Amino acid sequence: MTTTTPTTTGATTSAPSRNRAPAAERLPDHRLVARATGTYIARIQPQYLSDASSAVAELARLRRGAGKRVHQVQDLWGIGGTEELARLLDGRNDFIRFEYAEEAVFLASTLWALHQQSGRDKGMHDRRQNLGGAVRTLIRLKGASSEDEEDSPLRKRLVRVGTAESLSSVAVRLREIVLLLRGAREPLDYARLAGQLYRWQHRPDRAGVQREWGREFHLAAASATRKGKPTSDGETGDAIDRTLAPDEEYGGYAAGE
């Protein structure tokens, strides 16, 4: 029944309807996967760096899954960011690729645990370094000249990740790169990587992710030429072009084509 309210002129008007609360923001799927991974690692990493026994034990378990698929390591069910993923997906009945998300979070989390192994000096999850940029950094740490960088065996390892035809192959090839990063104590943004791995599993998005990895590699080279040189605003250049960096939800230029 409609409620009427008298006006000063004697006319009646309908009472205003009660405003409904706006619907909760729906993150794009790959950003939700990145958030689950980043939230989990951001919680565990400081504990590990401070030598908390529970975190040390959890990373030891996670390392057993590095380079494997989530169904292959039953001992890790329920840890490694999958619980955080389930919490974020609560009520998301429109989320239809849960297996892709679970695989991406699991793979990124276990690779981070492998990367972080025995290192207490700094966290190996760092949002400032993407996969292509990390590989470029490794090449330069090996002392390759700029002319030799494109022919480097390390670049070929990145290409092998991009050309893999199965997630199992991607996992094994990423594990090889992570071991090299661990040896050099070079970090990687594992939340960003998780979002990319989620999209990679959906074949229509795969080419876009492959292009992103290549673009990251080449952008790192272009901006590295400015490293240490003053820019127009007086700041020094970085190894990654900040004008194209991902936003805080791991979107930005790498969110899609």
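Side chains included, hydrogens not; waters and symmetry mates left out as well; all remaining heavy atoms used. Computed from a prediction, not measured in an experiment: that's the story for all the values here.
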Can you list the residues that meet the salt bridge (charged side-chain N to carboxylate O under 4.0 Å, His left out) rule with [X], with sequence neighbours excluded?
X: Arg206; value: none
X: Glu103; value: Arg69
X: Asp29; value: Arg92

Nearest 0.5 Å, what's the [atom1]-[atom2] distance between [X] and [Y]?
X: Thr137; Y: Asn130; atom1: OG1; atom2: CG; value: 9.0 Å
X: Leu174; Y: Leu158; atom1: CG; atom2: CG; value: 9.0 Å
X: Leu114; Y: Leu179; atom1: CG; atom2: CG; value: 4.5 Å
X: Ile41; Y: Arg127; atom1: CD1; atom2: CZ; value: 12.0 Å
X: His30; Y: Leu32; atom1: NE2; atom2: CG; value: 10.5 Å
X: Gln210; Y: Glu212; atom1: CD; atom2: CD; value: 10.5 Å

Nearest non-hydrogen partners of [X] and [Y], listed with the distance:
X: Thr37; Y: Ala108; value: CG2-CB, 4.0 Å
X: Gly67; Y: Ala171; value: O-CB, 3.5 Å
X: Gln196; Y: Val209; value: O-CG2, 3.6 Å
X: Ala184; Y: Leu138; value: CB-CD2, 3.6 Å
X: Gln47; Y: Ser50; value: O-OG, 2.9 Å

Verify the cluster assignment for [X] and [Y]: are they in a single hydrophobic cluster under the rule of side-chain heavy atoms below 4.5 Å apart?
X: Leu88; Y: Val105; value: yes
X: Val178; Y: Leu167; value: yes
X: Leu180; Y: Leu131; value: yes

| request: Could you go through the side-chain contact (heavy atoms from CB on, under 4.5 Å) check for Glu216 and Arg192 one step at a time? | output: CA-CA 12 Å; Glu216 291 167 359; Arg192 178 188 183 90; 3.2 Å; yes
So, using side-chain contact (heavy atoms from CB on, under 4.5 Å) as the criterion, who are the partners of [X] when residues are at least two apart?
X: Asp90; value: none
X: Arg61; value: Arg64, Asp75, Leu76, Ile79
X: Ala104; value: Val33, Leu197, Tyr198, Gln201
X: Pro46; value: none

| task | For side-chain contact (heavy atoms from CB on, under 4.5 Å), just list the numbers for Tyr48 and Val56, CA-CA rounded to whole Å, side-chain angles, deciding distance to a tenth of an Å, and then say yes or no. | result | CA-CA 6 Å; Tyr48 182 82; Val56 172; 4.0 Å; yes
| Trp112 and its side chain to side chain contact (heavy atoms under 4.5 Å, CB included) partner, picked from Leu188, Leu59, Leu107, Leu193 |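 The residue from Leu188, Leu59, Leu107, Leu193 that satisfies side chain to side chain contact (heavy atoms under 4.5 Å, CB included) with Trp112 turns out to be Leu59.
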| said: Can you pull out every side-chain hydrogen bond (donor to acceptor under 3.5 Å, both in side chains) where at least one residue sits in residues 169-188? Sequence neighbours excluded, please. | reply: Gln117-Arg182, Asp121-Arg185, Arg157-Glu176, Arg160-Glu176, Ser166-Ser169
Flag the pair [X] / [Y] as yes when at least one side-chain heavy-atom distance between them is below 4.5 Å, and no otherwise.
X: Pro187; Y: Lys122; result: yes
X: Arg155; Y: Arg136; result: no
X: Trp200; Y: Val161; result: no

| Which of these passes side-chain hydrogen bond (donor to acceptor under 3.5 Å, both in side chains) with Tyr190: Gln45, His115, His125? | His115
| field | Phe106 and Leu85: CA distance, side-chain angles, deciding distance, side-chain contact (heavy atoms from CB on, under 4.5 Å) verdict | value | CA-CA 10 Å; Phe106 177 84; Leu85 176 66; over 6 Å; no
| query | Considering residues at least two apart in sequence or located in another chain, which fulfil the side chain to side chain donor-acceptor pair (under 3.5 Å) criterion with Tyr100? | reply | none
| query | Who passes side chain to side chain donor-acceptor pair (under 3.5 Å) against Arg87, sequence neighbours left out? | reply | Glu84
| message | Atom CD of residue position Glu99 - does it have more than 12 heavy atoms of other residues, nucleotides or ligands inside 6.0 Å? | response | no
| Summary of salt bridge (charged side-chain N to carboxylate O under 4.0 Å, His left out) pairs that have at least one residue in residues 43-58, sequence neighbours excluded | Asp51-Arg120
| query | Met124 and Leu181: side-chain contact (heavy atoms from CB on, under 4.5 Å), yes or no, with the steps? | reply | CA-CA 9 Å; Met124 290 296 103; Leu181 290 172; over 6 Å; no
